[in-house]
Amino acid sequence: MAVFEGNFTQTESLRFAIVIGRFNDMVVNKLLDGCQDCLKRHGVDINPHGNQVDFYWVPGCFEIPLIARQAAFSRRYDVVICLGAVIRGQTPHFDFVAGEVSKGIAAAAFQSGVPVIFGVVTTDTMQQALERAGIKSNLGWNYAMSALEMGTLMRQVNGLGGSSYDQLAAASAVEVLSGDRA
């Protein structure tokens with residue numbers, strides 16, 4: 001049996017899409033700073049005019065999954081990172097937005113076979129959000145680390161005889177249909 005793990009060193013050829021929800025920009029901009037700092041320190045060229053990272057700005061978190069899905073299905077990226085902040089208010093709006101965003105991001109990853117990182121902070125208060133975006137620690141860094149690890153891991157997985165998720169999925173489907181799966 002083999003062991004497959006992502007790493008944080010073979011990043012020079014990885015391509016990233018970062019989808020950023022503008023709403024709650026005081027928090028989101030700090031998450032983006034942390035994310036970019038991590039990518040840069042791990043050898044990724046974060047210049048928007050470079051060839052490794054593209055930035056997609058959307059109005060709010062609810063719009064993130066649509067663009068994340070489009071970016072993932074474009075096959076231009078190894079990983080899509082989604083950054084946003086949903087802060088509870090006086091209405092049930094928080095529950096609807098947070099739930100749908102998480103489902104949409106998960107669906108984009110599952111349907112496309114491209115890692116889509118959930119970097120949406122969901123908190124009860126602005127103070128909690130700011131703590132997660134830099135006062136205590138910056139989760140943007142953690143989201144970038146997840147992206148690096150998943151990007152390098154998927155390169156290994158896709159190198160197992162199939163060059164894409166679609167080929168791996170098709171092979172699995174044939175095994176299931178033929179009864180050859182262990």
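Residues take their numbers from the sequence shown, with the count starting at 1.
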Hey, is the main chain of H42 close enough, under 3.5 Å, to the side chain of T11 for a donor-acceptor pair?
yes
Has the side chain of S137 got a donor or acceptor atom that lies under 3.5 Å from a matching backbone atom of A133?
no
Do K40 and Q36 make a side-chain contact, defined as non-hydrogen atoms from C-beta onward lying under 4.5 Å apart?
no
Check whether any side-chain heavy atom of P48 sits under 4.5 Å from a side-chain heavy atom of D54, and report yes or no.
no
Is it true that a side-chain atom of R132 and a backbone atom of Q128 form a donor plus acceptor pair closer than 3.5 Å?
yes
Under 3.5 Å, is there a donor-acceptor pair between the side chain of E63 and the main chain of G60?
yes
With a 4.5 Å heavy-atom cut-off, do I105 and V120 have their side chains touching?
yes
Between Q52 (side chain) and L14 (backbone), is there a donor-acceptor pair under 3.5 Å?
yes
Between the main-chain N or O of G151 and the side-chain N or O of D78, is there a donor-acceptor pair closer than 3.5 Å?
no
Taking the side chain as every heavy atom from C-beta outward, state whether V19 and I81 have any atom pair closer than 4.5 Å.
no
Single-linkage hydrophobic cluster I18~M26, side-chain heavy atoms < 4.5 angstrom
yes
Answer yes or no: is there a donor N or O on one side and an acceptor on the other, between the side chain of T123 and the main chain of I87, under 3.5 Å?
no
Mind checking the CZ-SG spacing from F8 to C38? Nearest 0.5 Å is all I need.
8.0 Å
Are E149 and N7 packed together at the side-chain level, in the sense that at least one heavy-atom pair is separated by less than 4.5 angstrom?
no
I'd like to know if D124 pairs up with R88 as an ion pair, taking the criterion as any Lys NZ or Arg NE/NH1/NH2 lying under 4.0 Å from an Asp or Glu carboxylate oxygen.
yes
Compare all side-chain heavy atoms of V58 with those of I20 and state whether any distance is below 4.5 angstrom.
no
If you define the side chain from C-beta out and look only at heavy atoms, does anything of F118 sit under 4.5 Å from V101?
yes
Do the side chains of Y56 and I64 get nearer than 4.5 Å, heavy atoms only?
no
Could you go through R75 and S112, starting from their C-alpha distance and side-chain angles, then the distance that decides it, and tell me whether this counts as side-chain hydrogen bond (donor to acceptor under 3.5 Å, both in side chains)?
CA-CA 9 Å; R75 299 289 182 217; S112 69; 5.1 Å; no
Check A71 against A17 and note the closest heavy-atom contact, atom names and distance.
CB-CB, 4.0 Å
